[in-house]
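Structure record follows, encoded as structure tokens.
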Amino acid sequence: MPKGQPSSVPDDGLTTRQRRNRPLLAVHTGPGKGKSTAAFGLALRAWNQGWPVGVFQFVKSAKWKVGEERALRVLGASGEGGTVDWHKMGEGWSWIQRDGEMSNEEAAREGWEQVKRDLAAGTYRLYVLDEFAYPLHWGWIGTDEVVSVLGERPGTQHVVITGRNVPPELIDAADLVTEMSKVKHPMDTGQKGQRGIEW
């Protein structure tokens, strides 16, 4: 796809401009590193375009200091681009399900309810639903409802969802799906995550 040119143009009756400005549902999944990082890169592009950005971080600890959060908050408050709101729900590492029922389940459900309210109100132009695949995979939030709500969102609101084990129904509904595959990772040889790389 050189210079962003599509390989084929559908016969859907839309003009090039109408097709270009369709709201997209993107999914970043797979076992490799970089799913959230790529989504935050989209948030940077959206900020630069002056779009309001809403980041909804599911499951990861509210105490965990994410480097992208600080950067996007500073940029959002700078008055130079769009606004950035960052919402944290849950506690604990996203890819480890703790024993028993976690408070994360209720927090994830409330987070999804807030996303639905914001979509209905058109609050943001870009929604980053970080680690949202996990509440879906664990059955905390119904995939059918998510697909329906996102399919009926008004206006030109873009949504990117990250996380492993994305349900097939969401993959089918998405416009853009990227799977991060792992070839090698330092953790394979016993090295723990480090500052500036993992956070």
Side-chain angles (χ1 to χ4, degrees), residues 1-10 14-30 32-60 64-89 94 111-112 114-134 146 149-164 166 170-171 173-181 195-199:
M1 196 181 325
K3 298 185 180 178
Q5 296 298 318
S7 56
S8 66
V9 178
L14 297 177
T15 67
T16 300
R17 182 179 300 270
Q18 288 170 324
R19 196 174 301 107
R20 177 185 294 149
N21 293 325
R22 284 186 315 121
L24 297 178
L25 171 56
V27 170
H28 298 172
T29 191
K33 178 177 168 51
K35 297 177 287 292
S36 296
T37 303
F40 297 142
L42 285 177
L44 286 172
R45 288 179 176 173
W47 169 83
N48 185 59
Q49 294 298 323
W51 295 359
V53 176
V55 177
F56 296 82
Q57 198 165 34
F58 289 82
V59 184
K60 281 181 180 172
W64 196 43
K65 301 301 181 197
V66 179
E68 294 94 341
E69 176 187 357
R70 180 168 183 253
L72 283 165
R73 283 186 186 271
V74 168
L75 289 172
S78 72
E80 296 291 318
T83 58
V84 178
D85 292 331
W86 198 288
H87 309 275
K88 288 187 180 185
M89 289 74 70
S94 57
W112 170 239
Q114 184 60 52
V115 169
K116 290 194 313 187
R117 289 189 289 269
D118 285 329
L119 285 167
T123 306
Y124 305 108
R125 183 81 186 270
L126 176 68
Y127 295 73
V128 177
L129 308 188
D130 187 38
E131 312 292 4
F132 190 55
Y134 297 97
V146 170
V149 168
L150 294 180
E152 296 171 5
R153 67 192 186 279
T156 54
Q157 300 178 95
H158 303 281
V159 178
V160 57
I161 294 171
T162 73
R164 300 177 187 208
V166 173
L170 187 54
I171 297 286
D175 302 292
L176 177 112
V177 178
T178 299
E179 183 171 352
M180 309 289 189
S181 60
R195 293 175 186 271
I197 303 297
E198 270 73 36
W199 70 90

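Nothing here was measured: the structure is a model prediction, and the numbers come from that model.
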Looking at every non-hydrogen atom in both residues, tell me the closest pair between [X] and [Y] and how far apart they are.
{"X": "Pro23", "Y": "Gly155", "answer": "CG-O, 3.5 Å"}
{"X": "Ala133", "Y": "Arg164", "answer": "CB-O, 3.3 Å"}
{"X": "Lys35", "Y": "Met180", "answer": "CG-CG, 3.5 Å"}

Give, for atom [atom1] of [X] and atom [atom2] of [Y], the distance between the pair rounded to the nearest 0.5 Å.
{"X": "Asp130", "Y": "His87", "atom1": "CG", "atom2": "NE2", "result": "13.0 Å"}
{"X": "Thr16", "Y": "Asn21", "atom1": "OG1", "atom2": "CG", "result": "10.5 Å"}
{"X": "Leu25", "Y": "Leu176", "atom1": "CG", "atom2": "CG", "result": "9.0 Å"}
{"X": "Leu126", "Y": "Gln49", "atom1": "CG", "atom2": "CD", "result": "11.5 Å"}

Backbone N or O of [Y] within a donor-acceptor pair of the [X] side chain at under 3.5 Å?
{"X": "Asp85", "Y": "Gly54", "value": "no"}
{"X": "Gln157", "Y": "Leu119", "value": "yes"}
{"X": "Thr162", "Y": "Glu131", "value": "yes"}
{"X": "Arg73", "Y": "Arg70", "value": "no"}
{"X": "Arg125", "Y": "Ala46", "value": "no"}

Item checked: Near-ring test Trp112/Phe56, centroid separation under 6.0 angstrom -> no

For the residue pair [X] and [Y], establish whether any side-chain heavy-atom pair is separated by less than 4.5 Å.
{"X": "Leu150", "Y": "Ile161", "result": "yes"}
{"X": "Glu69", "Y": "Val55", "result": "no"}
{"X": "Trp47", "Y": "Glu80", "result": "yes"}
{"X": "Gln57", "Y": "Ser36", "result": "no"}
{"X": "Leu75", "Y": "Val84", "result": "no"}
{"X": "Val27", "Y": "Ile171", "result": "yes"}

Item checked: Exceeds 12 heavy-atom contacts within 6.0 angstrom, atom CZ of Arg20 -> no

Next item on the list: Using the ring pair (Phe, Tyr, Trp, His ring centres under 6.0 Å) rule, pick out the option among Tyr124, Phe40, Tyr127 that qualifies with Trp86.
Entry: Phe40

Check: Going by the angle between their ring planes, with limits at 30° and 60°, are Trp51 and His158 parallel, tilted or perpendicular?
Finding: parallel

